[in-house]
Q: 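My structure is below; once you've seen it, I'll send some questions.
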Amino acid sequence: MATTTLPQAEAQKRQPETKFVYFFGGGKADGNGKMKDELGGKGAGLAEMTNAELPVPPGFTIQTEACREYMRHGGLSEAVGQQMEEALKHLEELQGQKLGKGENPLLVSVRSGAKFSMPGMMDTILNLGLNDQSVEALAKLSKNPRFAYDSYRRLIQMFGSVVLEIPKSVFEEVFDAKKKQKKAKLDTDLDAKALKEVIEGYKKVVKKHTKHDFPQDPHAQLVMARDAVFRSWLNDRAKHYRRINNISDDLGTAVNVQAMVFGNLGDTSGTGVGFTRNPATGVKEFYGEFLMNAQGEDVVAGIRTPVPILQLQKIMPDVYDQLREITTRLEKHYRDMQDFEFTIQDGKLYMLQTRNGKRTGLAAVNVAIQMVEEGLITKEEAIFRVEPNQLYDFLVPRLDEKSVKVEVLATGLPASPGAAVGQIVFTADEAVEKAGHGDKRVPVILVRAETTPEDIHGMEVAAGILTSRGGMTSHAAVVTRGMGKCCVAGAGDIDVNEKAREMRVKGQVFKAGDWISLDGTTGRVIKGKLNTLPPKADDADLLKFMAWAEPFRKIGVRANADIPRDAVQARAFGAEGIGLCRTEHMFFGEKKLPHMRAMIMARDEKERRAALKKLLPLQRADFDGVFRAMNGFPVTIRTLDPPLHEFLPRREDLMVEIAVLEATKPKSPKLKGLRIILRRVEELHEFNPMLGHRGCRLGITYPEITEMQVRAIFEAAVAVAKDGVKVYPEVMIPLTATLKEMANQAAIVHRVAQEVFKEKGKTVEYLVGTMIELPRAALVADEIAKEAQFFSFGTNDLTQTTFGFSRDDVNKILPTYLAEGILKQDPFAVLDQEGVGQLVRMATERGRKTRPKLKVGICGEHGGEPSSVEFCHRIGLDYVSCSPFRVLTARLAAAQAAASDKMKGEAGRTK
Ligand code: PEP
Ligand code: MG
């Protein structure tokens, strides 16, 4: 086929040039609030606020496409550079200033801002444009040389670490040495002269590390800073944050360049952050904190503990009223709770940012309900205002304070609710070491003066976080609320010494490894190891909210529960039946294990049957309880799955016990028995137990096991039915790969069921189905469906066998795979829709070809994970089944999936 090629210039002419740079200022903006994809959350907010004629310092946003271009090519095209220079010129004209030049130099901030907020994960540079000349101009203009030199040294420090990649500690050493030399306690004790000396020291650091001087050309500073902020999209912290928050790596960040306003010009200047409602509880109150004579980083980094925003009313009543008026307007405009940043420069208020505020699950539900009642949003929109995983907050534990002596060591801010009990650790690495992996995991409380984005890996594994500095909007507070993790912040009475690995409070010293308890709902730090109480899931707001969401839901939600107590709990959370009852968990009980072992040790079928007979009544009693708890709902009971050796003692333990007895009591009568058990353990030993003698293979080689279990199920079913309980047993055969396996086990189920019905003179409805846990089963699902009356996807095993990853050993590989981006998420937690999901979809289609009404569900861990639930809804499964504590999450995820089908798109969803 012939193709025509246009001359290059022609081609370029025809392609409209991408608009990379969006200006905002002077009452109007090129962009608007809907353009989060291009401008990021911050850029879109700035554009929207400018258009609404709010006092926003002017500037421009370089859109996310430039970041993607940077990622693709390792640099930016000329078009970006040109458009940026034009926007800068426009900004200079508007301000009547020149970047870093003249008597009144323009200074700018350069900040990241992605579509979804990633607090503190990427980089920011403030005071850009300062150099050896402009700093003098700023000193004169502000009549505050100390302020000017402090701004310059902050720029060199930020630029040095972010752009030039010089370790922060090197600058800190210079600064601390100067403080020591001047006998200064606080940073603010250094005067202008001392700060000038610090600047000289910093410049030497830059020269030593980069072989170049600190760049004096403001335009060069800007280009370098812009590129560094784009690069910060790919730093480890940001990648990690995106992974845990399920944000795509491909989005890229925008860069916002904005005229600087200064909150640290003196006593009529200040800076703060706030929320239009309380982010912890959702209560409608003006909420936030500020610091006079400070820059934004001082508030967010938690270096100084800020004051409640209500006090601004006393200090600057006009500014306070204006702020209230503006933020109320913003909330109405965005129809959601706002999280805002402001700066007051010489008594004049500037808005720096507004966005939908992050909040706890309790607050999310509360705010959603209030906003419906206030007529701001509809009920349909309200159900998207809560992330399904946030409902977990209603299920977080509380401290059990009854009948124990509670010694409150300190009270900090209730930054994130719930309770946490654990051993103290002082570093994120130590947290990971103790709580992250290994058999001997202990719960830990990460105790820091303040947390920084570098602590994220430790925060993730810790049971709770305690900081001695910082407010409700400090890094620790914001991040833990997002994680749904208990946090007490700014407990100022505690003196944390991370180097000495100790904290001092009330004259007591606590070391790493000591136990403390946190109450994130009241902010109390308590000495020792308290017990925790299960939370109440019957909160009135929660019930109201769920009642709005539920009518949308199409897919059923069941629970995985093995014992009557869990079944009762599952019903309380709204489970509509049991999707997986793992019967082997019933065999591990103290009463049953000896009989189970006798069954395994049996030398022939007769002995085996005798042992099984003893197990029968015990298992029947368990089923009885589960059926009663699920009165009126189906109960899926899986026949025995794990390999038999799991019920015997460990080979190594037996060998040690035998060796010790042989050496100490060689005549012990116990020895013979132990040797027999060891021999049996060795006979049963497998190299790959996960691919071994388990699942239906057990029931096929020992049919009497299936017979006993089926008898227990139906004897219990008939008995409870006679008491008027509505019972719907579904017998599920695990790990089938072929039709004949299924037929073999189904024949046993039908035969024994009929025997029991005849013996007891009563029949109950039941189904026999299978788990689809092997790729082969998915491939021949149409065949298997000839015998199976339902399918349930065991996506734990299906993920294991599709990837060929051992579910027990994958953690050796996974961290590297995630860090390298080879896998985006842990496929055992989030269903791999591309691969494993394809098998699920295909098996469902094939199964339903044979049996159009085939009931299909999922019972792997994925059944309670929101994106996987959404997938199951999309491909037409009948139900998902998950652990009782995820039932609420699954119900909301399923309702949202169906509602967004209805609403076409995800209008109103906040991230
Ligand atoms: C599964 O494999 O997904 C499943 C639910 O079974 P188990 O986890 O018991 O192997
Ligand atoms: Mg399985």
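Read the numbers this way: they start at 1 and go in the same order the structure lists the ligands and their atoms. These numbers come from the heavy atoms of this one structure, side chains and all, not from hydrogens, waters or symmetry mates. All values reported here derive from a predicted model rather than from experimental measurement.
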Q: Checking contacts here: is it the side chain or the backbone of L580 that comes within 4.0 Å of ligand 1, counting heavy atoms only? Could be both or neither.
A: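 Answer for L580: side chain.
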Q: Salt bridge check, E755 against R711: does any charged N sit closer than 4.0 Å to a carboxylate O?
A: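 Yes, charged N to carboxylate O under 4.0 Å.
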Q: Examine the side chains of E870 and S868 and answer whether a donor and an acceptor come within less than 3.5 Å of each other.
A: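 Per modelled atom types, E870 and S868 side chains form no pair under 3.5 Å.
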Q: At a cut-off of 2.8 Å, what protein N/O/S atoms sit near the Mg ion (ligand 2)?
A: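 Within the sphere that stays under 2.8 Å of the Mg ion (ligand 2), the protein atoms of type N, O or S are E773 OE2, D797 OD2.
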Q: Please determine whether a side-chain nitrogen of the Lys or Arg among K849 and E845 lies less than 4.0 Å from a carboxylate oxygen of the Asp or Glu.
A: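 Here K849 does not pair with E845 in a salt bridge, since their nearest N and O are not under 4.0 Å apart.
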Q: Between T639 and T706, does any side-chain donor sit less than 3.5 Å from a side-chain acceptor?
A: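 There is no such pair between these side chains.
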Q: If you have a sec, work out which protein heavy atom is nearest atom 6 (O) of ligand 1 and how many Å separate them, to one decimal?
A: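 Residue, atom and distance for the closest contact: R638 NH1, 3.0 Å.
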Q: Check if Q800 has a non-hydrogen atom at a distance under 4.0 Å from any atom of ligand 1.
A: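 No, Q800 has no heavy atom closer than 4.0 Å to ligand 1.
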Q: If we set the cut-off at 4.0 Å for heavy atoms, which region of D797 has an atom near ligand 1: side chain, backbone, both, or neither?
A: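 Under 4.0 Å from ligand 1, D797 contributes backbone and side-chain atoms.
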Q: Does a sphere of radius 6.0 Å around CZ in R751 hold more than 12 heavy atoms from other residues, nucleotides or ligands, not counting ones at 6.0 Å or beyond?
A: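 Count over threshold, so yes.
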Q: Between H693 and Y702, what is the ring plane arrangement, given parallel below 30°, perpendicular above 60°, and tilted in between?
A: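 Correct class here is parallel.
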Q: If only atom types and distance count, is the side chain of H862 paired as donor or acceptor with the main-chain N or O of V880 below 3.5 Å?
A: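 No; judged by distance alone, with no hydrogens or angles, the pair does not exist.
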Q: Near G794, which atoms of ligand 1 are under 4.0 Å from a heavy atom of that residue?
A: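 This gives 1 (C), 2 (O), 3 (O) as the contact atoms.
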Q: Under 4.0 Å from ligand 1, counting heavy atoms only, is it the side chain of H862, its backbone, both or neither?
A: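 Looking at H862 and ligand 1, no heavy atom falls under 4.0 Å.
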Q: What atoms in ligand 1 come closer than 4.0 Å to a heavy atom of C859?
A: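 Going through ligand 1 atom by atom, the ones under 4.0 Å from C859 are 5 (C).
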Q: Under 30°, 30 to 60°, or over 60°: which ring-plane class applies to F805 and F803, parallel, tilted or perpendicular?
A: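 Parallel.
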Q: Between R694 and ligand 1, find which residue part has any heavy-atom pair under 4.0 Å and reply side chain, backbone, both or neither.
A: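 Under 4.0 Å from ligand 1, R694 contributes side-chain atoms alone.
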Q: If we only consider heavy atoms of E861, is any one of them less than 4.0 Å away from an atom in ligand 1?
A: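 Distance cut 4.0 Å: E861 fails for ligand 1.
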Q: Taking E605 as the fixed residue, which of R603, R609, R608 is the one that meets the salt bridge (Lys or Arg N to Asp or Glu O under 4.0 Å) rule?
A: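 It is R609; the other options fail the test.
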Q: Any nitrogen or oxygen of E584, main chain or side chain, under 3.5 Å from a nitrogen or oxygen of ligand 1?
A: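 No - when backbone and side-chain N and O of E584 are compared with those of ligand 1, no distance drops under 3.5 Å.
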Q: Strictly under 6.0 Å, is that where the ring centroids of Y766 and H750 end up?
A: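 For Y766 and H750, the ring centres are under 6.0 Å apart.
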Q: Can you tell me if M732 has a non-hydrogen atom under 4.0 Å from ligand 1?
A: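 Not so, M732 does not reach ligand 1.
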